[in-house]
Peer 1: 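Got a structure for you, written out below as structure tokens; questions coming shortly.
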2 protein chains.
Amino acid sequence: MVKITDVARRAGVSPSTVSYALSGKRPISDETKRRVEAAIRELGYRPHAGARALASSRSNVLALVIPLRAGIHVPVVMQFAVSVVTSARRHDHDVLLLTQEEGEDGLRRVADAALVDALIVMDVQLRDPRLPLLRSLDRPSVMIGFPLESEGLTCVDLDFKAAGELCVERLAGLGHRVVALVGSPPEVYVRGTAFAQRVVQGFTAAAHRSALASSVHPCEATPAAARRLAERLLREHPALTGVVVHNEAVLEPLIDAFEQLGLRVPADLSVTAICPDETAAALRVPVTSVALPSAELGERAVELLMQKLTGTAVPQETLLAPHLTERASTAPRLA
Amino acid sequence: MVKITDVARRAGVSPSTVSYALSGKRPISDETKRRVEAAIRELGYRPHAGARALASSRSNVLALVIPLRAGIHVPVVMQFAVSVVTSARRHDHDVLLLTQEEGEDGLRRVADAALVDALIVMDVQLRDPRLPLLRSLDRPSVMIGFPLESEGLTCVDLDFKAAGELCVERLAGLGHRVVALVGSPPEVYVRGTAFAQRVVQGFTAAAHRSALASSVHPCEATPAAARRLAERLLREHPALTGVVVHNEAVLEPLIDAFEQLGLRVPADLSVTAICPDETAAALRVPVTSVALPSAELGERAVELLMQKLTGTAVPQETLLAPHLTERASTAPRLA
DNA sequence: TTCCTCCGTCGAAGCGCTTCGACGTCACGC
DNA sequence: GCGTGACGTCGAAGCGCTTCGACGGAGGAA
């Protein structure tokens, strides 16, 4: 194994000079730097990660905790993970993969062992049991998703309020005057100020601004509930021509139900959704949707961690702007 | 930070004794061991990963390289990754995630820096440019998939020959007498002794054993090619009632084509496939299939690495037994 | 009893790197 | 001309752990 003393000897300098040439933490003359770099190249030197971590108390490794729960959309997780790895590499860091399964112990383990410098936790729940742990850890962390109480932590997520607005604005732009939001199951709203609520806020505010008639309908995540809701919507809002769906599970059954009830999508009814792109695109009628920007999310999470690692203060909450992709489920309102 | 000397003091022993009590590399009396464990618990001691890696030249971390190519089935990769992490943890190892994108440099980097003890490389190609690198690295590795030339390396994969056999045997068991294999595009076979060839071997051998009339048909990965092939099969093999498909891309178009030609699946034609479970299950007609056992694959890969790390010799090639899942595309042959 | 062996433990020497303080040199200002 | 920084480099001291050799004591063999 080639070590720093080998490089130093070859370059005719001391080991500390090699270290400084590499880290840039002290000024080194161009001439010396050149010689050091040449020696490194010629010998194929690669600093020993463990030795480095021990001496500098920095492992240059980030932990990434990925969720396993059923109902999680796998490609989204994967895309996020890849983005985290790619971004981390740009900052000269590597990524250690942990599964949710290991739970809090896993987090504590890698943090206390100084195996990682910082942590990224996906799929944060409203009352996530890992919150107190993350607060108590002496390493920075970033959470994907917003818990109820994020005091002292750092969270990133899609701006669901803006996503709700965007969907409505699109429908309004197409001339629709009566819109409805098909939301998450009722219990999601009961739990508190969550992303589901934010969608409602955005939806309602934007409908108001555009002077649309609007209504909000939580919906159980079952095809039967979707069908009942479709019937009710037609009955109670006969002029309805625009629907925003924030409930992956009922998206397809809902559209089916509407069509069985005689409405064509998008000719008679325009549908937009907030859901993973893959879901929206794979439907029989590809749905115009606002996607979870997983790649951007991963990048931002890493960026925030890097700042925290350098001691820079970062905002407690970061909201990413939504982007809407036009697909086959939206059309201008027929006169 | 709690260190080994703190534990030693508290337990009334020397640091080396604590180390030995932890590693079991030298005999320690039960009494001492108890005191050490108590001290560890009371102080919340956790060995510093970097220090440990430096002193022992073992990081207890495995590298996992995941593919990014289009056409890779994401859930399969994810399942595999989770399985690797879980298995690694059982052996007290962690997993560092690398993307294919980093390529050979990434492998060399983490290996030379002693950041990882061993590597798992997914999605190995027939003439993978990483092969010579893996051979030259001083760390053990396991590849998922078989390259043309695996001399000196360790590979794991589904036993594609047995998979081909299994499909045929199932069809034979259902009474089918004339079967066809719809295979990968021709160029795949030209490249050499690969998994595609093994499927053919298994298919042919099993058909022979069961005294079935059989034929093999490579097929381009386009719907048009699938349609042409369907027509040809019906023309040239009018008695055909069983098809084995080893070509994800044409699975759906092929079934569509058969049905458009007046054959009902499974009433007139039974179809089995070798493809990811998710693909098989998501089709309009869920297809009876042999899946890639990704979880088992991950586990085996880790197990093999652990053996190699302890210096145990392992087989160069490990083949996993295929499992067939019955779905809606197979039925007994009508008299 | 004596000798040898094995068991259980200790002390010390690193593992390869970073970092701190120190030191010589040179340029500049007064 | 001399003090004063800033610059560029060096030496040495760890970072926290493992591991090697050594050693005292107990037990068995001779």
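What you see below is based on every heavy atom in this structure, not just the backbone, and it leaves out hydrogens, waters and symmetry mates.
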Peer 1: Taking only N and O in the side chain of Thr32(A), is any of them less than 4.0 Å away from OP1 or OP2 of dG8(D)?
Peer 2: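 Indeed not, no polar side-chain atom of Thr32(A) lies that close.
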Peer 1: Could you tell me the separation between the CG atom of Asp30(B) and the P atom of dG8(C), rounded to a whole number of Å?
Peer 2: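 One finds 8 Å between P of dG8(C) and CG of Asp30(B), rounded.
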Peer 1: Tyr45(A) OH to dG16(C) P: how many Å, rounded?
Peer 2: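 Checked: the OH to P distance equals 10 Å.
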Peer 1: So if I take every side-chain heavy atom of Leu54(B) and compare against dG16(D), dC17(C), dT19(D), which nucleotide ends up nearest?
Peer 2: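 The answer is dG16(D).
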Peer 1: Just the rounded figure in Å: distance from P of dG16(C) to CG of Leu22(A).
Peer 2: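 Distance check: Leu22(A) CG to dG16(C) P gives 17 Å.
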Peer 1: Regarding Arg34(A) and Glu31(A), does a basic nitrogen lie under 4.0 Å from an acidic carboxylate oxygen?
Peer 2: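 Salt bridge: yes.
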Peer 1: Could you give the CZ-to-P distance, from Arg35(A) to dC10(D), as a whole number of Å?
Peer 2: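 About 8 Å, once rounded to whole Å.
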Peer 1: Determine whether a donor-acceptor pair (one donor, one acceptor, N or O, separation below 3.5 Å) exists between the side chain of Arg26(A) and the base of dT9(D).
Peer 2: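 Indeed, a donor on one side and an acceptor on the other fall under 3.5 Å apart.
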Peer 1: So, under a plain 3.5 Å distance rule, would you say the side chain of Arg52(A) forms a donor-acceptor pair with the base of dG16(D)?
Peer 2: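 Check fails, no donor-acceptor contact within cut-off.
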Peer 1: Is any side-chain N of the basic residue among Glu299(A) and Arg90(A) closer than 4.0 Å to the acidic one's carboxylate O?
Peer 2: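 Salt bridge present between Glu299(A) and Arg90(A).
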Peer 1: Return the 5'-most residue of the pair Ser19(A), Ala55(B) with respect to DNA chain C, ranking by each residue's nearest nucleotide.
Peer 2: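 Looking at DNA chain C, the more 5' nearest nucleotide goes with Ala55(B).
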Peer 1: If you assign each of Arg46(B) and Ser29(A) to its closest nucleotide in DNA chain D, which residue comes earlier from the 5' end?
Peer 2: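 First, find each residue's nearest nucleotide; the 5'-ward one identifies Ser29(A).
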Peer 1: Please confirm whether the shortest side-chain N or O distance from Thr17(A) to OP1 or OP2 of dT9(D) is below 4.0 Å.
Peer 2: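 For dT9(D), OP1/OP2 do not have a side-chain N/O of Thr17(A) under 4.0 Å.
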Peer 1: Over all strands shown, is Pro27(A) touching base, sugar-phosphate only, or nothing at heavy-atom distances under 4.0 angstrom?
Peer 2: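 Base contact.
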Peer 1: Is there a donor-acceptor contact under 3.5 Å from the side chain of Arg135(A) to the main chain of Glu151(A)?
Peer 2: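 A pair under 3.5 Å: yes.
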Peer 1: Over how many whole Å does the gap from Leu115(A) atom CG to dG16(D) atom P extend?
Peer 2: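 Those two atoms, CG and P, are 16 Å apart.
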Peer 1: How long is the line joining CG of Leu43(A) and P of dG16(C), in whole Å?
Peer 2: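 To the nearest whole Å, that distance equals 15 Å.
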Peer 1: From C-beta outward on Ser56(A), which listed nucleotide comes closest to its side chain: dT19(C), dC10(C), dT19(D)?
Peer 2: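 Taking heavy atoms from C-beta onward, the closest nucleotide is dT19(C).
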Peer 1: State, to 0.1 Å, how close Pro15(A) and Ile4(A) come at their nearest heavy-atom pair, and which atoms those are.
Peer 2: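 Nearest heavy atoms, Pro15(A) then Ile4(A): O-CD1, 3.7 Å.
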Peer 1: Please state how far atom NE2 in His48(A) lies from atom P in dC17(D), giving the value in whole angstrom units.
Peer 2: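 From His48(A) NE2 to dC17(D) P: 16 Å.
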Peer 1: Rounding to a whole Å, what distance do you find between Lys25(B):NZ and dG21(D):C1'?
Peer 2: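 It is 17 Å, rounded to the nearest whole Å.
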Peer 1: What is the nucleic acid contact for Ser16(B), judged by heavy atoms within less than 4.0 Å: base, sugar-phosphate only, or nothing?
Peer 2: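 Base, at least one base heavy atom under 4.0 Å.
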Peer 1: Got a second to check how far Asp94(B)'s CG is from Leu97(A)'s CG, nearest 0.5 Å?
Peer 2: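 Atom-to-atom, Asp94(B):CG and Leu97(A):CG are 9.5 Å apart.
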Peer 1: Would you state whether a donor and an acceptor, one from the side chain of Tyr20(B) and one from the base of dC7(C), lie under 3.5 Å apart?
Peer 2: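 No, the side chain and the base share no sub-3.5 Å donor-acceptor pair.
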